[in-house]
Each structure stands twice: as C-alpha cells, then as structure tokens.
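What follows is a single structure, written as structure tokens, with notes after it.
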Amino acid sequence: MSEEQTTPKLYEPPEEFASNANVSDPAVYEEAERDYKSFWAERARELHWFREWDEVLQWNPPEAKWFVGGKTNVAYNCLDYQIEQGRGDKVALVWEGDEPSDGTTYTYSELLAEVEKFANVLKSLGAEKGKPVSIYLPMIPELPVAMLACARIGAPHSIVFGAFSASALRDRINDCEATILVTADAAPRGGRKTPLKQNADEALEDAPSIENVVVVRRTGDDVPMQDGRDRYYDELMADAEESCPAEEMDSEDLLFILYSSGSTGKPKGIVHTTGGYLTQVNATTKWTMDLKDEDVYWCTADIGWITGHSYLVYGPLSAGGTSVQFEGTPAYPASDRWWDVIEKHKVTILYTAPTAIRSFMKGGTEDLEKHDLSSLRLLGTVGEPINPRAWEWYHENVGGGRCPIVDTWWQTETGGHMITPLPGITPTKPGSATRPFPGIEAGLFDEEGNEIEGEGSGNLVIKKPWPGMLRTLYKDPERYRETYWEKYGDVYFVGDGARRDEDGYYWITGRIDDVMNVSGHRISTAEVESALVGHPAVAESAVIGRADEDKGQAIVAYVILEGDREGSDELIQELNGQVRKVIGAHARPQEIIFTPDLPKTRSGKIMRRILRGVAEGQQDLGDTSTLADPSVVDALKESRAAN
Ligand code: ATP
Ligand code: MG
C-alpha cells in the first residue's frame with residue numbers, strides 16, 4: 001500500500017498529557033462495548049435536561065430515537081447551564097476578524113444576552129418551533145448568535161456557507177422552505193469581499209418562501225434594502241426584548257438541517273435532532289479534543305460545515321470552553337497569519353484539515369519559526385485521510401514534537417467523531433484514525449455483503465446506532481434509506497473504504513467511488529496519492545482514473561511540487577518508481593501532470609470530476625461554480641497541454 005504499511009511508527013500518548021487527560025483509563029472501551037446504551041446515557045447525564053428520558057434508545061432500522069421522552073434545549077446547555085456552573089464571566093467566544101486589528105470577545109453572559117435578544121427578533125418575524133430559518137453569514141459572532149437563537153426557540157437552522165453562490169443558496173432555501181433569511185451586506189475574507197446581500201437578492205428572486213430578511217452590517221457597504229422584507233440586524237436588536245426563555249425541546253425535535261458538500265452528487269439535506277446530537281458532540285469534545293476549562297480551543301473550519309457546527313459551536317460551548325472563531329484566511333495579510341493567531345490568543349488546541357497542513361508544508365517552516373507556538377498541547381485533523389508525511393510534519397513543526405494528534409474520522413451524517421484516538425489513551429500511527437470511539441462499533445464488508453473479520457480491506461460500515469446519527473434526509477426518507485441502509489441491511493453504509501490492520505486500527509482509504517479499476521485491479525486513488533506524496537519533491541497530488549479502452553481505467557496523477565522544484569522526465573521516472581515500490585507496478589500512473597494548483601471545493605475537497613474531465617480532454621466540464629477558485633480549471637488545462 002503506501003508508506004504507512006512498512007511498519008508504521010507508533011506514538012504513545014506523552015506521559016504528562018496522559019496523566020492530565022480527561023479520560024486516561026483504557027477500560028472505557030470495554031465498558032462501552034459491554035453496554036453502549038448505558039455508556040451514552042452516562043454521557044447524556046452530563047448535560048442539562050428539563051426532563052429525563054424514559055428510554056435510552058428505540059431502534060427500528062433505519063429509524064433511531066435517542067433519549068425518548070427527554071426534554072432539553074441545546075442553547076440552554078451552551079449558555080444558561082454554563083453560567084449556572086460559574087462560567088458567566090468566562091470568555092465563550094474569541095472572535096478574530098479578517099484584519100488582525102479587528103476582533104472581540106464574548107463572555108458566556110454576554111453571548112446569552114445577544115442570543116436572547118436575537119431569539120426575540122426571530123420570533124417577531126414569525127419564527128417558531130419546527131420552522132426552518134436559513135442563515136447565510138460570514139464568520140462573524142452574529143453567526144453563532146443566530147444559531148443559538150434558533151436552537152433556543154426550536155426553529156431548525158439551515159446554514160449555507162458564506163462563499164456559496166446565489167444558486168446554491170436558492171436551492172437550499174427552496175428545499176427547506178425557510179421563511180426567514182439571516183445574511184450580511186458583505187463578507188470580508190483575505191482582504192477581499194464577497195457580496196452576500198447581492199447574492200441573497202439574486203437567490204430570493206426565485207425563493208418565494210422567504211418573507212423576512214435580516215441583514216447584518218459587516219462592511220457597511222451600501223446595499224439595496226427591499227421595503228417590508230429586509231431589515232438591519234442592529235436596528236432590530238436595538239428594539240428587541242431582553243428575555244427569552246429556552247423552549248423545552250423533545251430530544252428528537254429537529255435541531256438543524258445541513259446540506260452536505262455535494263462532492264458526490266445532489267446536496268443531501270442532513271437532519272440532526274436535539275438530545276442525541278448534543279450528547280455526542282459534547283462527549284467527543286471532552287474526550288477526543290480533551291477540552292478543559294483552561295483551554296483556548298481553535299477549530300479552523302467554517303461554521304457553514306458540520307465541523308464548525310459540532311466543534312466550533314455546539315461541542316465547545318456545551319463543554320464550557322473558550323472557542324476561537326476566525327473570519328480570515330491563512331495567507332492574509334501574510335502567510336504566517338495562523339501562527340500569529342495562535343501566539344496572540346495562546347491557543348492550546350488546534351483542529352484543522354490535512355489540506356491546510358499540506359499547503360503550509362509547501363511554504364516550509366520559516367513562518368512557524370517567527371512565532372511562539374508553545375501554548376499548543378493537542379492537535380486535531382479532519383476531512384480526508386492525512387498522509388503520514390503531513391502528519392509527521394504537523395507533529396514536528398506545529399506541535400513541537402510534544403502534542404498528540406487526533407485524526408478524527410466522521411461525516412456530516414454522523415454528527416460527531418466516530419473513529420479517532422483518545423489522546424490520553426490511544427497510541428497513534430501517522431495516517432490512521434485508529435479505533436472507533438467508545439460506544440461506536442465499526443466493521444468492514446466486501447462487495448458481496450460478507451463481513452470481513454480481522455485484518456483486511458473493504459467498505460466501512462457502522463454496526464450499531466449512535467446518538468449523533470442523522471435521522472433522515474429532509475423530506476426524503478426514501479433517499480435516506482437507499483443511501484445508507486440498503487446495501488448491507490441494518491448496518492450503516494458509510495461510503496468510504498478502509499483497511500483494518502493487525503491492531504484493529506482503521507486506515508481510511510477514501511471514498512468508495514474513488515476506487516479505480518485498472519485491468520481488473522481495484523486501486524484506491526488515496527493509496528496512489530499517498531505513495532506520490534511520500535516522495536520528497538511532491539507537496540500534494542490528486543489521482544483519478546481516466547476511461548481507457550484497454551484497461552478499463554488508466555491512472556492519471558496530478559502533482560504539485562514542493563517549493564521551486566520543477567517537473568522533468570527524470571522526476572516522472574522517479575515518481576513511477578516510488579509508486580511501484582510502495583504499491584506495485586500495476587498502480588503506476590500512465591500520465592503524470594505537474595500543476596501549480598488543484599480544483600477544490602470551498603471546504604478543501606478535491607473535485608475529481610473536474611480532474612477526470614481535464615484528463616479526458618472534455619470541453620464541457622459542467623458546473624464549476626462551487627470551486628473555491630474557478631480559475632484553476634484553465635491552469636489545469638494548460639498544465640495538461642504542456643505535458
Ligand atoms: P458529500 O457526501 O456531499 O459528497 P462530503 O462527504 O465531502 O460531501 P463531509 O460529510 O464533510 O462531506 O465529509 C465526510 C467525508 O470526509 C468522509 O466520508 C471521508 O471520506 C472524509 N473524511 C473525513 N474525516 C476523515 C479522516 N479523518 N480521515 C479520512 N477521511 C476523512
Ligand atoms: Mg459524504
């Protein structure tokens with residue numbers, strides 16, 4: 001397979017970390033395995049409930065109900081309950097603006113005051129329990145305020161990532177038929193501005209359910225306001241009543257709808273409910289991210305993605321943490337911005353994605369050396385498999401060799417972490433998400449529907465229901481059943497491939513639809529990528545299968561080189577040799593294309609469809625509007641022509 005298969009290095013949890021960790025007794029795994037319902041019930045008891053549940057779980061596949069009969073409120077848990085525990089004056093949210101000079105903090109009490117007022121604003125505009133509210137905001141404090149205000153009154157939110165286009169916003173509003181849209185004049189990012197209100201107006205031309213629009217003044221840009229429909233946030237807040245009691249929500253009431261990125265097709269409206277979701281994000285924030293009262297915790301994801309929902313807002317706030325929200329980009333005003341943020345706020349826990357780590361790797365360690373990163377004690381990664389070399393680089397250069405890394409595998413659908421180390425317990429192997437979180441049971445199946453025992457590779461499944469699981473796809477229960485519960489009966493079909501090693505550790509090999517079939521060999525794109533990135537000249541690579549008359553598919557590799565390295569025939573020979581050595585001759589790319597950039601969605605995922613299109617010389621590459629940088633497409637075509 002890849003570099004990791006040759007005896008991976010094992011990293012034991014550092015002794016000092018382990019002795020102070022929130023969980024350090026490996027017996028938690030067996031306890032949870034013996035009785036997963038009691039395990040989760042114990043976690044749920046760490047939250048505030050207005051009424052305790054009658055039954056932990058009702059499971060009629062594929063329908064799960066957790067903490068049946070329990071009454072709680074997510075915003076109450078994230079705010080009031082923290083204040084009751086003495087955290088009123090503790091900083092809940094540290095906001096760092098796009099400009100380094102721009103920032104502010106909110107204590108738990110201050111955040112609650114804003115949330116109550118905005119909840120009243122929403123109510124005055126007709127929001128009510130069960131009726132979705134769409135939110136299209138930059139990474140500003142009004143975003144968590146709006147989410148928590150929705151949660152407080154029981155109106156499900158549907159957040160649309162601020163960089164999405166008007167048409168993406170329109171489709172998402174129409175799918176959930178929201179009556180209120182919360183947006184802003186514009187979104188500053190990396191010194192540039194996205195015209196949110198203009199996009200919203202365009203979307204609303206064809207989104208008739210929206211009756212009211214709330215506009216946050218972020219940049220002060222002059223934007224058209226439609227009479228009777230559009231109102232400014234600050235004006236509404238100035239007149240809002242201060243007190244808004246939290247609605248007693250049923251454990252299974254809808255908390256939010258989130259449309260997944262769509263990298264594999266039409267966006268799915270993933271539905272999360274109240275009690276179970278909160279239980280899982282709260283428990284995993286404390287256990288995986290080891291969040292404690294003293295920590296300053298920074299999750300770099302945008303709140304528009306599930307990672308931001310679960311691990312920037314609901315997880316850390318329900319655990320009484322201090323959460324950093326950053327509006328900007330890694331490269332603005334200079335390439336050391338992230339390290340500057342860490343030093344400035346004395347961040348102790350950093351949670352980010354492999355794509356960011358690899359792009360920093362390309363820039364070398366100079367930027368890091370300018371900053372004091374000694375406050376960091378734990379690092380996390382999520383979003384795609386992390387190749388061992390990037391893991392090692394992260395560990396060595398960002399974590400100073402002292403911070404454990406939690407490689408967390410999960411999905412929008414799972415709500416929270418599923419396969420991940422516990423940093424005080426689990427020895428880690430670079431590139432492996434290690435073992436399932438306590439109470440989670442994973443497995444592997446082959447294409448014929450047989451379960452694979454012991455070591456082996458196959459399709460990843462989850463064998464028991466878990467509290468944070470999606471409950472359905474919004475207004476499409478049939479698609480929910482077909483997508484996740486049909487292939488292997490009553491186990492959850494993940495859609496990712498994985499390998500399980502001799503220690504029971506999982507190595508995610510990528511999406512199942514990213515498996516190539518070359519002359520009958522099934523080869524995962526991630527394996528070839530990992531092999532290529534194992535070569536010191538390669539910073540990043542993306543591999544696809546191009547339709548091929550003889551072989552079914554032929555492997556094409558796009559390669560970004562380190563620093564100022566240049567592509568050459570000699571290097572192509574070397575890279576082929578590398579793949580042959582690590583995987584085998586059958587996996588050697590037929591074509592290697594050196595390119596300065598790759599087409600990525602705004603959450604950093606590579607759009608392979610486009611790479612395939614370019615490799616096959618297709619003229620029409622379909623919709624490229626969800627790309628973070630659509631100009632990449634021309635650059636790719638040029639790189640290919642130069643080959
Ligand atoms: P869509 O389902 O619409 O294509 P998406 O799958 O990109 O969208 P997410 O739910 O954000 O949206 O991503 C989950 C996927 O990301 C996982 O199924 C897996 O492929 C990948 N992933 C996430 N974390 C990890 C990880 N730690 N290691 C390996 N892969 C990961
Ligand atoms: Mg997915």
Side-chain angles (χ1 to χ4, degrees), residues 2 4 159 161 164 168 171-172 175 257-272 284 288-289 299 301-311 351-358 379-388 390-391 394 405-421 428-437 442 459-462 468-470 473-474 476 479-480 483-484 492-499 505-515 524-527 529-530 600-609 626 628:
S2 38
E4 68 265 20
I159 300 179
F161 179 34
F164 268 136
D171 293 347
R172 286 158 175 76
D175 192 76
I257 305 159
L258 180 59
Y259 293 87
S260 71
S261 75
S263 49
T264 49
K266 176 178 173 274
K268 304 181 277 267
I270 288 161
V271 168
H272 283 290
T284 48
T288 312
M289 305 314 298
C299 166
D302 194 285
I303 292 175
W305 306 116
I306 190 67
T307 305
H309 280 60
S310 298
Y311 295 109
Y351 191 23
T352 191
T355 171
I357 298 163
R358 282 193 303 265
L379 305 174
T381 140
V382 59
E384 53 176 316
I386 180 165
N387 51 295
W391 195 105
Y394 192 33
I405 296 181
V406 286
D407 175 354
T408 60
W409 175 85
W410 59 295
Q411 309 176 292
T412 309
E413 292 88 338
T414 68
H417 299 158
M418 298 295 280
I419 302 182
T420 175
T428 51
K429 302 180 192 181
S432 168
T434 74
R435 54 191 294 198
F437 190 84
N459 295 343
L460 185 63
V461 302
I462 306 296
M469 65 190 272
L470 79 164
L473 293 176
Y474 196 61
D476 203 349
R479 188 174 178 206
Y480 167 68
T483 311
Y484 307 107
Y492 172 82
F493 176 71
V494 163
D496 288 348
R499 177 171 71 85
Y505 276 32
Y506 285 87
W507 301 76
I508 309 296
T509 44
R511 296 154 190 283
I512 288 163
D513 47 24
D514 288 344
V515 172
S524 129
T525 56
E527 273 180 78
E529 284 162 11
S530 188
K600 289 189 182 155
T601 64
R602 293 175 214 246
S603 60
K605 293 193 172 157
I606 293 168
M607 278 177 86
R608 286 167 203 284
R609 173 171 68 74
T626 58

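Atoms within each ligand, like the ligands themselves, are counted from 1 in listed order. Given the structure is predicted, the values throughout are model-derived calculations rather than measurements.
- At a heavy-atom cutoff of 4.0 Å, ligand 1 is contacted by the backbone of T408 but not by its side chain.
- Of all the heavy atoms of E384, the ones lying under 4.0 Å from any atom of ligand 1 belong exclusively to the backbone.
- With a 4.0 Å heavy-atom cut-off, ligand 1 is reached by the side chain of D496 but not by its N, CA, C or O.
- Expressed to the nearest 0.5 Å, how far CH2 of W507 lies from CG of D407 amounts to 9.5 Å.
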Residues E384, R358; criterion salt bridge (charged side-chain N to carboxylate O under 4.0 Å, His left out); working and verdict: CA-CA 12 Å; E384 53 176 316; R358 282 193 303 265; 3.2 Å; yes
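- Here's the thing with I306: none of its N/O atoms is less than 3.5 angstrom from an N/O atom of ligand 1.
- Near S260, meaning under 4.0 Å from any of its heavy atoms, are these atoms of ligand 1: 1 (P), 2 (O), 3 (O).
- Taking OH of Y480 as the start and CD1 of I270 as the end, the distance is 11.0 Å to the nearest 0.5 Å.
- Within ligand 1, the atoms closer than 4.0 Å to a non-hydrogen atom of I508 are 29 (C), 30 (N), numbered from 1 in the order shown.
- Counting only non-hydrogen atoms, the option in R511, M418, E413 that gets closest to atom 5 (P) of ligand 1 is R511.
- Heavy atoms of G383 approach ligand 1 to within less than 4.0 angstrom.
- Applying the 4.0 Å criterion to heavy atoms of K268 picks out, from ligand 1, the atoms 2 (O).
- With H309 contributing its side chain and G415 its backbone, the two residues share no donor-acceptor pair below 3.5 Å.
- Here the straight-line distance linking atom OG of S524 with atom CG of D496 works out to 10.5 Å at 0.5 Å rounding.
- Heavy atoms of P385 found under 4.0 angstrom from ligand 1 belong to the backbone as well as the side chain.
- Polar contact check, T381 against ligand 1: no nitrogen or oxygen pair lies under 3.5 Å apart.
- For W305, no heavy-atom contact with ligand 1 is shorter than 4.0 Å.
- Ion pairing of E529 with R608 is present here, as a side-chain N (NZ or NE/NH1/NH2) and a carboxylate O approach within less than 4.0 Å.
- In the model, T408 has a side-chain atom that pairs as donor or acceptor with a side-chain atom of Y351 under 3.5 Å.
- Donor-acceptor pairing under 3.5 Å is lacking for the side chains of K268 and T483.
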